Student: 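This structure is in structure tokens; I'll ask about it shortly.
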Amino acid sequence: MLRNLTRMPADISSDSRRQLLHAVTDLFLLDREPNEASKEHYGQIATNSLSHLGEDERKGYAERVASLPTLPRTIAVSLGNDSSAEVARLVLTLSPVLTDIDLAAIAVTQSQQHLVAIAERARLSESITDILVERGDKEVLHTVSANKGAAFSDRGFDRLLERGNGDSVIAGALARRSDLTPNRAQRVLWIVGQLAEATAPDGTMTENASSLAKQARQQRLEVKLLLADLAAKVREVDDVITMLADEDRAYHLAQVLAQVADITIEQALRVLMRRDASGIAVTCRSLGIGTTAFRAILQLRARRLYFSSLDIDDDVDGYTKLDLSTAERTLRFLKLRTKIV
């Protein structure tokens, strides 16, 4: 049916195109796993329609499809490159089909507001943060430094510190990160200490600067104590997981899962933040994590990855039916493959 709609009359009105786009989108969304031919035909219709729609209409369409995992990549790229940052914003922040290549191309050509939207993505690779740190204005730098899902290369981190020199917002955001290596943490804390000693033009202390180093140290100490308590078996794993998930502390949660499952923090983060919940389900099931704690993890994922909370009950139900022996074998295979590599 979609194939028959790809050739539209040249003189079709803007309103008719809008109605057609909404109609075929309704049809497209009915198929949870569309084949490539269906996606291609839908992509052609959407592309033809979008170029004739006004900004408000394009924005409304973008908001509807931004997080759609089956959205044709050509459409996601077209929306992400829209000259209006309001149209592009949600797609750049949420779309799971945009690749690093797509994001990089957009980041080097579009406006600062486009860059802010990219900087808000749940996860950012080093190659993308390199561009954001180099091209971004103050708002972009503030956003990406506060994004706990953003990874920084050594060059990118150095450049961020250089461009954020004297900026207490950036220093504070970095000081609150729990994923800093000891060397990076030491450098950030030194900067925070310098800011704490600085005075404003009226002679007062820089606002909140003196508390940043203390807060960062407290967070790192708290995680160390939690991990020590788990190792000594004076705390229940489920209780710690539920607490960290409820407080939206994804990296700390990954640290706990890594220690208990005997995997790397990178592996724990990968299964925790993948869109597919099967990896985190297998990991938790093999550890004997209860449904309450697992539900808390799913709720954290829904917040971080902008999932619909409507799927959580189905995922919990699937979790209760997951075979324990299968989960344990899968986790053992993961560990073995890591050691071989």
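The shown structure was predicted, so the numbers you read here are calculated from the model rather than taken from an experiment. Position 1 is the first residue of the sequence, and the numbers go up from there.
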Student: What's the verdict on side chain to side chain contact (heavy atoms under 4.5 Å, CB included) for Leu53 and Tyr61, showing C-alpha distance, side-chain angles and the deciding distance?
Tutor: CA-CA 10 Å; Leu53 298 182; Tyr61 172 73; 5.6 Å; no
Student: Test Asp82 against every option in Arg58, His114, Arg89 by the side-chain hydrogen bond (donor to acceptor under 3.5 Å, both in side chains) rule and name the one that passes.
Tutor: Arg58
Student: Which donor-acceptor pairs under 3.5 Å do the side chains of residues 96-105 make with protein atoms, sequence neighbours left out?
Tutor:
{"unit_1": "Thr99", "atom_1": "OG1", "unit_2": "Ile101", "atom_2": "N", "d": "3.4"}
{"unit_1": "Thr99", "atom_1": "OG1", "unit_2": "Asp102", "atom_2": "N", "d": "3.1"}
{"unit_1": "Thr99", "atom_1": "OG1", "unit_2": "Asp102", "atom_2": "OD2", "d": "3.1"}
{"unit_1": "Asp100", "atom_1": "OD2", "unit_2": "Ser125", "atom_2": "OG", "d": "2.7"}
{"unit_1": "Asp102", "atom_1": "OD1", "unit_2": "Arg73", "atom_2": "NE", "d": "3.3"}
{"unit_1": "Asp102", "atom_1": "OD1", "unit_2": "Arg73", "atom_2": "NH2", "d": "2.7"}
{"unit_1": "Asp102", "atom_1": "OD2", "unit_2": "Arg73", "atom_2": "NE", "d": "2.7"}
{"unit_1": "Asp102", "atom_1": "OD2", "unit_2": "Thr99", "atom_2": "N", "d": "3.0"}

Student: In terms of the angle between their ring planes, are Phe28 and Tyr42 parallel, tilted or perpendicular, with boundaries placed at 30° and 60°?
Tutor: parallel
Student: Tell me whether Asp158 is salt-bridged to Arg187, with the criterion being a basic N under 4.0 Å from an acidic carboxylate O.
Tutor: yes
Student: For Leu227, is there any backbone N or O sitting under 3.5 Å from a side-chain donor or acceptor partner on Gln259?
Tutor: yes
Student: Does the side chain of Met243 reach to within under 4.5 Å of the side chain of Leu226, using non-hydrogen atoms?
Tutor: yes
Student: Tell me, with the steps shown, if Ile241 and Phe294 meet side chain to side chain contact (heavy atoms under 4.5 Å, CB included).
Tutor: CA-CA 8 Å; Ile241 285 178; Phe294 184 66; over 6 Å; no
Student: Rounded at 0.5 Å granularity, tell me how far OG1 in Thr242 sits from CD in Glu247.
Tutor: 11.0 Å
Student: Step through the shown structure and confirm whether more than 12 heavy atoms of other residues, nucleotides or ligands are within 6.0 Å of CD on Glu236.
Tutor: no
Student: Taking the side chain as everything from C-beta on, heavy atoms only, tell me whether Leu300 gets closer than 4.5 Å to Ile297.
Tutor: no
Student: Where is the tightest heavy-atom contact between Leu257 and Ala268, given as atom of each residue plus distance?
Tutor: CB-CB, 4.3 Å
Student: Between the side chain of Asn147 and the main-chain N/O of Arg121, is any donor-acceptor distance below 3.5 Å?
Tutor: yes
Student: To the nearest 0.5 angstrom, please state how far the OG atom of Ser286 sits from the CG atom of Asp323.
Tutor: 12.0 Å
Student: Looking at Asp315 and Arg295, is any side-chain nitrogen of the basic one under 4.0 Å from a carboxylate oxygen of the acidic one?
Tutor: no
Student: Is the closest side-chain heavy-atom distance between Val65 and Leu79 below 4.5 Å?
Tutor: yes
Student: Salt bridge between Arg159 and Asp130, side-chain N to carboxylate O under 4.0 Å?
Tutor: no
Student: Given Gln44 and Glu40, is the side chain to side chain contact (heavy atoms under 4.5 Å, CB included) satisfied, shown in steps?
Tutor: CA-CA 6 Å; Gln44 291 175 6; Glu40 180 181 354; 3.6 Å; yes
Student: Is any side-chain heavy atom of Glu134 less than 4.5 Å from a side-chain heavy atom of Ile131?
Tutor: no
Student: What residue pairs, at least two apart or across chains, pass ring-ring contact (aromatic ring centres under 6.0 Å, His included) with a residue in residues 255-277?
Tutor: none
Student: Quick check: closest heavy atoms across Val91 and Ala76, and the distance to 0.1 Å?
Tutor: CG1-O, 3.6 Å
Student: Within the supplied structure, the quantity of interest is the number of heavy atoms (other residues, nucleotides, ligands) at a distance under 6.0 Å from Asp229 CG; does it exceed 12?
Tutor: yes
Student: Got a donor-acceptor contact below 3.5 angstrom from the Asp238 side chain to the Gly290 backbone?
Tutor: yes
Student: I'd like to know if the side chain of Ser38 and the backbone of Asn35 have a donor-acceptor N/O pair within less than 3.5 Å.
Tutor: no
Student: Are the side chains of Arg135 and Val140 in touch, meaning some heavy atoms are under 4.5 Å apart?
Tutor: no
Student: Heavy atoms only: give me the nearest Glu120-Thr143 pair and the separation to one decimal.
Tutor: CG-CG2, 3.6 Å
